[in-house]
Amino acid sequence: MSEHKENNTVSEAEQTEETTVAPETGAEEQTEVSGEQTAPVDEQAEKLAAAEEKFLRLAAEYDNYRKRTAKEKEAIWTDAKAQAVTAFLPVYDNLERALKQETVDAAYAKGVEMTLKGLQDVLTGLGVEMIPALGESFDPNRHNAVMHVEDDSVGENTVVEVFQQGFICGEKVIRFSMVKVAN
């Protein structure tokens, strides 16, 4: 039993030491806890800053995406109009040729003229304009020169004859004007 008492005594001594040490450890823990509290705050601030930067980048990326898709949508619309107008240009050319032909029937000529005028109105409604050519300075971005002629009565690089009318939609040339240019 003496061993048991010694064990109890040791245990009591250990408990006393633990009690004595415990407040010191507790104080150290409290200091560490307050040190740990500043570290998480700094960590949280960094996380918040990173999340804010990520959000701003995402917002900018979305804005760029929205602008890009709007521009692509507009380009697709313009291309679709250009394709539709291109399909009707042979009809325009034929009506223009029909007007140039001599005819005895005035009503027939008036009908062709009205049909051509109606087609021009539809094209204008779609935002398609005729490229001005006759008497204008030659512009390789809008005109296709198929002939050259020496003519001193007109200025150099002036369009003197239009063989086929050109059309433009916005800044997109649907068909170049086929012209004769004076040198």
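Small disclaimer: the values here were computed from a predicted structure and weren't measured.
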How about [X] and [Y]: do any of their side-chain heavy atoms sit closer than 4.5 Å?
X: E129; Y: T124; value: no
X: R175; Y: D93; value: yes
X: V146; Y: K180; value: no
X: V179; Y: F138; value: yes
X: T86; Y: I174; value: yes
X: L116; Y: Q120; value: yes
X: V181; Y: V149; value: no
X: L58; Y: K54; value: no

Backbone N or O of V154 within a donor-acceptor pair of the T158 side chain at under 3.5 Å? no
| query | Counting only heavy atoms not in F163, do more than 12 sit closer than 6.0 Å to its CZ atom? | reply | yes
**Asked** So with a 6.0 Å cut-off around CG of D152, is the heavy-atom count from everything else above 12?
**Response** no
Out of curiosity, [X] [atom1] to [Y] [atom2], how far, rounded to the nearest 0.5 Å?
X: N183; Y: E156; atom1: CG; atom2: CD; result: 6.5 Å
X: L126; Y: F167; atom1: CG; atom2: CZ; result: 12.0 Å
X: E72; Y: D79; atom1: CD; atom2: CG; result: 11.5 Å
X: T69; Y: I76; atom1: OG1; atom2: CD1; result: 10.0 Å
X: L95; Y: K117; atom1: CG; atom2: NZ; result: 13.5 Å
X: D63; Y: E61; atom1: CG; atom2: CD; result: 11.0 Å

query: Going through the distances and angles, do I131 and H143 end up as a side chain to side chain contact (heavy atoms under 4.5 Å, CB included)?
result: CA-CA 8 Å; I131 297 174; H143 304 129; 3.9 Å; yes
Evaluate side chain to side chain contact (heavy atoms under 4.5 Å, CB included) for E43 paired with K47, printing each intermediate quantity in order. CA-CA 6 Å; E43 237 179 76; K47 285 181 181 179; 4.3 Å; yes
Query raised in the report: Hey, mind stepping through H148 and N157 against side chain to side chain contact (heavy atoms under 4.5 Å, CB included) and telling me if it holds?
Result: CA-CA 9 Å; H148 293 281; N157 285 334; 6.0 Å; no
- Item | Salt-bridge criterion met for E53 and R57 (N-O under 4.0 Å) | yes
Do V91 and V85 sit in the same hydrophobic cluster, where Ile, Leu, Val, Met, Phe, Trp and Tyr count as joined when their side-chain heavy atoms come under 4.5 Å apart? yes
Shared hydrophobic cluster for L119 and Y108 (ILVMFWY, side-chain gaps under 4.5 Å)
yes
Which heavy-atom pair separates [X] from [Y] by the least distance, and what is that distance?
X: G166; Y: S177; answer: N-OG, 3.0 Å
X: V160; Y: A182; answer: CG1-CB, 3.8 Å
X: A109; Y: L99; answer: O-CD2, 3.9 Å

request  = Could you go through the side chain to side chain contact (heavy atoms under 4.5 Å, CB included) check for Y92 and M130 one step at a time?
outcome  = CA-CA 12 Å; Y92 179 88; M130 289 190 278; 3.3 Å; yes
Can you confirm whether the side chains of D151 and S153 place a donor and an acceptor under 3.5 Å from each other? yes
Exactly one candidate in M147, E161, Q164, Q165 meets side-chain contact (heavy atoms from CB on, under 4.5 Å) with M178; the answer is Q164
